[in-house]
J.: 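One structure is given below, represented as structure tokens, and several questions about it will come after.
The basis for the numbers below is simple: all heavy atoms, side chains too, and nothing from hydrogens, waters or symmetry mates.
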Amino acid sequence: MAAAQGRMSDSADGTDDAKDSGEEDRHSSTSGPPAFRAAVEALRGCRLRPQIEVEPTPAPQRLAPFAYALEAVVVDGDQDLADGRLVLLHDPAGHDAWHGTFRLVTLVRAELEPEMAADPLLPEVCWSWLTGALQARGLTYGEPSGTVTRASSHYFGGLSERPPASQIEIRASWTPREGLGGVPDTAAHLASWCDLLAQVGGLPPAGPGDASVVTLPQRRGPQTR
């Protein structure tokens with residue numbers, strides 16, 4: 001797949017409408033009930049392959065009483081291959097649609113090579129990448145939902161020299177199974193999500209026990225790209 005253009009400004013299941021202020025919401029990280037704080041700390045401590053750069057981003061404030069968000073980009077040299085956002089939502093009172101107290105919501109996108117964009121089975125394949133990434137790590141989840149959108153752009157007039165471009169976008173959400181103390185294994189879900197990002201970006205799978213993985217940074221430094 002070719003490089004994804006730009007950075008995310010929206011996300012899945014209604015988070016397009018989320019408020020993206022320059023400051024983190026007071027419910028988005030260190031505050032909140034113990035189960036939410038533990039879930040966030042697990043995200044912060046997750047170990048990821050170095051080609052995937054992850055940093056916190058302002059969380060949506062209207063979808064749940066507590067939320068925490070991360071954005072990521074898949075990098076190959078000076079090229080961005082794919083990008084995405086993962087949002088952890090928590091409602092201690094539970095949510096009928098979630099069938100649980102936690103929900104993970106994501107948007108993943110990448111540009112496509114022309115031959116891949118023409119594959120009529122591409123949406124089904126991309127959705128299977130998401131479910132397969134969760135299953136590969138033995139994760140149990142419920143109430144999955146989402147969309148896979150394929151878009152193409154053709155340029156005319158003063159832009160006619162640009163080649164046609166195609167992009168795939170995966171919007172999805174699911175309810176992670178809650179473990180001890182009502183806390184889901186958010187680190188494993190983040191790792192699965194990064195597996196999806198890598199696959200969408202065209203990276204080979206990382207082997208188990210890969211020594212090249214690094215600790216999730218709190219902030220990504222200035223980029224030379």
Side-chain angles (χ1 to χ4, degrees), residues 4 6-49 52-75 80 82-92 95 97-98 100-110 130 133-134 139 141 143-147 169-176 178 183-198 200-201 215-221 223:
R7 289 286 190 271
M8 290 178 42
S9 59
D10 52 7
S11 57
D13 283 11
T15 53
D16 326 61
D17 300 326
K19 179 181 177 183
D20 269 350
S21 65
E23 298 181 358
E24 242 181 36
D25 177 66
R26 65 188 180 92
H27 292 323
S28 64
S29 56
T30 57
S31 64
F36 176 71
R37 296 200 306 269
V40 170
E41 285 305 311
L43 289 175
R44 290 173 167 172
C46 187
R47 297 174 64 83
L48 307 171
R49 59 194 297 180
I52 300 178
E53 300 177 350
V54 180
E55 65 180 2
T57 190
Q61 300 180 22
R62 296 194 292 253
L63 299 180
F66 303 94
Y68 183 78
L70 297 168
E71 62 181 6
V73 60
V74 180
V75 178
D80 292 357
D83 60 29
R85 175 181 291 173
L86 183 68
V87 180
L88 174 69
L89 304 175
H90 179 53
D91 186 341
H95 195 292
W98 302 352
T101 63
F102 284 90
R103 187 75 171 172
L104 285 163
V105 182
T106 186
L107 166 63
V108 171
R109 67 183 184 183
L130 168 64
L134 294 168
L139 292 171
Y141 61 96
E143 308 305 320
S145 64
T147 62
E169 180 181 272
I170 305 170
R171 293 173 177 263
S173 64
W174 63 95
T175 299
E178 297 169 16
V183 182
D185 189 352
T186 51
H189 282 271
L190 174 58
S192 295
W193 180 70
C194 288
D195 293 341
L196 170 65
L197 270 174
V200 170
T215 301
L216 170 68
Q218 291 302 302
R219 291 284 174 188
R220 190 166 66 237
Q223 300 299 302

J.: Answer whether the closest heavy-atom distance between the side chains of Thr101 and Pro92 falls below 4.5 Å.
T.: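 When only atoms from C-beta onward are counted, Pro92 and Thr101 do not touch, as no gap falls below 4.5 Å.
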
J.: Return the minimal non-hydrogen interatomic distance between Arg49 and Ala198, and the atom names on each side.
T.: NH1-CB, 3.7 Å

J.: Does any part of the side chain of Ile170, heavy atoms only, come nearer than 4.5 Å to the side chain of Leu196, both counted from C-beta?
T.: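 A side-chain contact exists here, since the closest heavy-atom pair is under 4.5 Å.
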
J.: Between Arg44, Arg37, His90, which is the residue that forms a side-chain contact (heavy atoms from CB on, under 4.5 Å) with Tyr68?
T.: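 Only match with Tyr68 under side-chain contact (heavy atoms from CB on, under 4.5 Å): Arg44.
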
J.: Less than 4.5 Å apart, any side-chain heavy atom of Asp83 and any of Glu71?
T.: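 Result no, sub-4.5 Å side-chain heavy-atom pair not found.
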
J.: Taking C-beta and beyond as the side chain, do Leu104 and Leu88 meet within less than 4.5 Å on heavy atoms?
T.: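 Yes; the side chains approach each other to less than 4.5 Å.
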
J.: Would you be so kind as to tabulate the donor-acceptor pairs closer than 3.5 Å made by side chains of residues 183-191, with sequence neighbours excluded?
T.:
residue: Asp185; atom: OD1; partner: Ala188; partner atom: N; Å: 3.3
residue: Thr186; atom: OG1; partner: Ala39; partner atom: O; Å: 2.7
residue: His189; atom: ND1; partner: Trp174; partner atom: NE1; Å: 3.1

J.: Is a side-chain N or O of Thr106 found less than 3.5 angstrom from the main chain of Arg85, in a donor-acceptor match?
T.: yes

J.: Is any side-chain heavy atom of Phe66 less than 4.5 Å from a side-chain heavy atom of Val40?
T.: no

J.: Rounded to the nearest 0.5 Å, what separates atom CZ in Phe36 from atom CG in Leu89?
T.: 8.5 Å

J.: Determine yes or no for a side-chain-to-main-chain donor-acceptor pair under 3.5 angstrom, with Thr57 supplying the side chain and Ala69 the backbone.
T.: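 Checked: no pair found.
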
J.: What are the two closest heavy atoms between Ala35 and Phe102, and how far apart are they?
T.: O-CZ, 3.8 Å

J.: May I ask you to test the Val74-Ile52 pair for a side-chain heavy-atom distance under 4.5 Å?
T.: yes

J.: Do side-chain atoms of Ser192 reach the backbone of Ala133 as a donor and acceptor pair under 3.5 angstrom?
T.: yes

J.: State whether the side chain of Glu53 and the backbone N or O of Val75 hold a donor-acceptor pair below 3.5 Å, judged by distance alone.
T.: no

J.: Taking all non-hydrogen atoms of both residues, which atom of Val200 and which atom of Ala110 are closest, and how far apart?
T.: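 Minimum heavy-atom contact is CG1-CB, 3.4 Å.
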
J.: Rounded to the nearest 0.5 Å, how far does CH2 of Trp193 lie from CG of Leu130?
T.: 11.5 Å

